[in-house]
Amino acid sequence: ATMRSRFLKITMFVALATLIGFSACINPRQGYAPTQPIAFSHQLHAGQNQIPCRYCHTSVGEGPHASVPSVNTCMNCHSLVKTNSPEVRKIHAAWKNDEPIEWVKVHDLPDHARFSHQPHITAGVDCVECHGQVNSMEVIEVVKPFNMGWCVNCHRQPEYNAPVDCVTCHY
């Protein structure tokens, strides 16, 4: 029974290690496309109207977060454009009541991971490299794995071979 018990323990250990290793290579958020408080079409805004990402995501080159559009940013256009649309009326109501739009975060990393948009933007990495063809998405969704292996593979490419160590990405 001792040999069998030992074999069972080793088998369980290998199975657990395999599962942990596999879980580091998948992203359960891939395909995640939450419903937003205001229906917003990136296909219309970034695609058809060719509004640059940085017009709405103003702080993307300045720090870790890309920032979500404020009500004032939306009102820059929608004080005059499509003012009778039911979705635009929600923007007007938020503006009138001095309330933020509570956008639902789509691209999110685990709490133990640290990421900053700033060095990536400074290095000339285009938004589509990580976020996909947002300009063709009616509803924004996670299309890339956003896991450690995916990030490391990108940094292995000569054009993105910045010095990276564990504390660069992990707290």
Enter the distance from Asn153:CG to Met148:CE here, rounded to the nearest 0.5 Å.
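With rounding to 0.5 Å, CG (Asn153) is 10.0 Å from CE (Met148).
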So, taking the atom named SG in Cys77 and the one named NE2 in His45, what distance separates them when rounded to the nearest 0.5 Å?
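The NE2 atom of His45 is 7.5 Å from SG of Cys77, to the nearest 0.5 Å.
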Partners passing side chain to side chain contact (heavy atoms under 4.5 Å, CB included) against [X] (at least two apart in sequence or in another chain):
| X | answer |
| --- | --- |
| Ile10 | Arg6, Val14 |
| Pro64 | Ser116 |
| Ala33 | Val139, Glu141 |
| Pro100 | Glu102 |

Scan the side chains in residues 48-58 for donor-acceptor partners under 3.5 Å anywhere in the protein, sequence neighbours excluded, and list what turns up.
residue: Asn49; atom: ND2; partner: Leu44; partner atom: O; Å: 3.4
residue: Tyr55; atom: OH; partner: Asn76; partner atom: ND2; Å: 3.1
residue: His57; atom: ND1; partner: Ser67; partner atom: O; Å: 2.7

Under a 4.5 Å side-chain heavy-atom rule over Ile, Leu, Val, Met, Phe, Trp and Tyr, are Val60 and Val143 clustered together?
no
What pairs with Lys82 under salt bridge (charged side-chain N to carboxylate O under 4.0 Å, His left out), at least two apart in sequence or on another chain?
none
Sequence-distant partners of Lys105, salt bridge (charged side-chain N to carboxylate O under 4.0 Å, His left out), two or more places apart:
Asp108
With a 6.0 Å cut-off (strictly less than), is the heavy-atom count around CG of Asp98, excluding the residue itself, greater than 12?
no
For [X] versus [Y], what's the shortest heavy-atom pair and its separation?
| X | Y | result |
| --- | --- | --- |
| Val106 | Ile140 | CG2-CG2, 3.5 Å |
| Val142 | Phe146 | CG1-CD1, 3.9 Å |
| His155 | His120 | NE2-NE2, 3.9 Å |

Which side-chain N or O atoms in residues 127-136 pair as donor and acceptor under 3.5 Å with protein atoms at least two apart or in another chain?
residue: His131; atom: ND1; partner: His107; partner atom: ND1; Å: 3.4
residue: His131; atom: ND1; partner: His107; partner atom: NE2; Å: 3.2
residue: Ser136; atom: OG; partner: Gln133; partner atom: O; Å: 2.8

Could you check Arg156 against Val152 for side chain to side chain contact (heavy atoms under 4.5 Å, CB included), going step by step and ending with a plain yes or no?
CA-CA 6 Å; Arg156 285 182 179 142; Val152 169; 3.6 Å; yes
Expected output: side-chain Arg89 to main-chain Thr83 donor-acceptor under 3.5 Å:
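Looks like no, no N/O pair under 3.5 Å.
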If we ignore hydrogens and angles and just use 3.5 Å, is the side chain of His117 paired with the main-chain N or O of Ser59 as donor and acceptor?
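Such a contact is absent between His117 side chain and Ser59 backbone.
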Who else is in the cluster with Ile38 when I, L, V, M, F, W and Y are joined by side-chain contacts under 4.5 Å?
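Same cluster as Ile38: Phe40, Val68, Val71, Met75, Ile91, Trp95, Ile101, Trp103.
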Using side-chain hydrogen bond (donor to acceptor under 3.5 Å, both in side chains) as the criterion, list what pairs up with [X], not counting sequence neighbours.
| X | value |
| --- | --- |
| Thr122 | Gln118 |
| Glu62 | none |
| Glu138 | Ser41 |

Do we see a donor-acceptor contact under 3.5 Å between the side chains of Ser5 and Thr2?
no
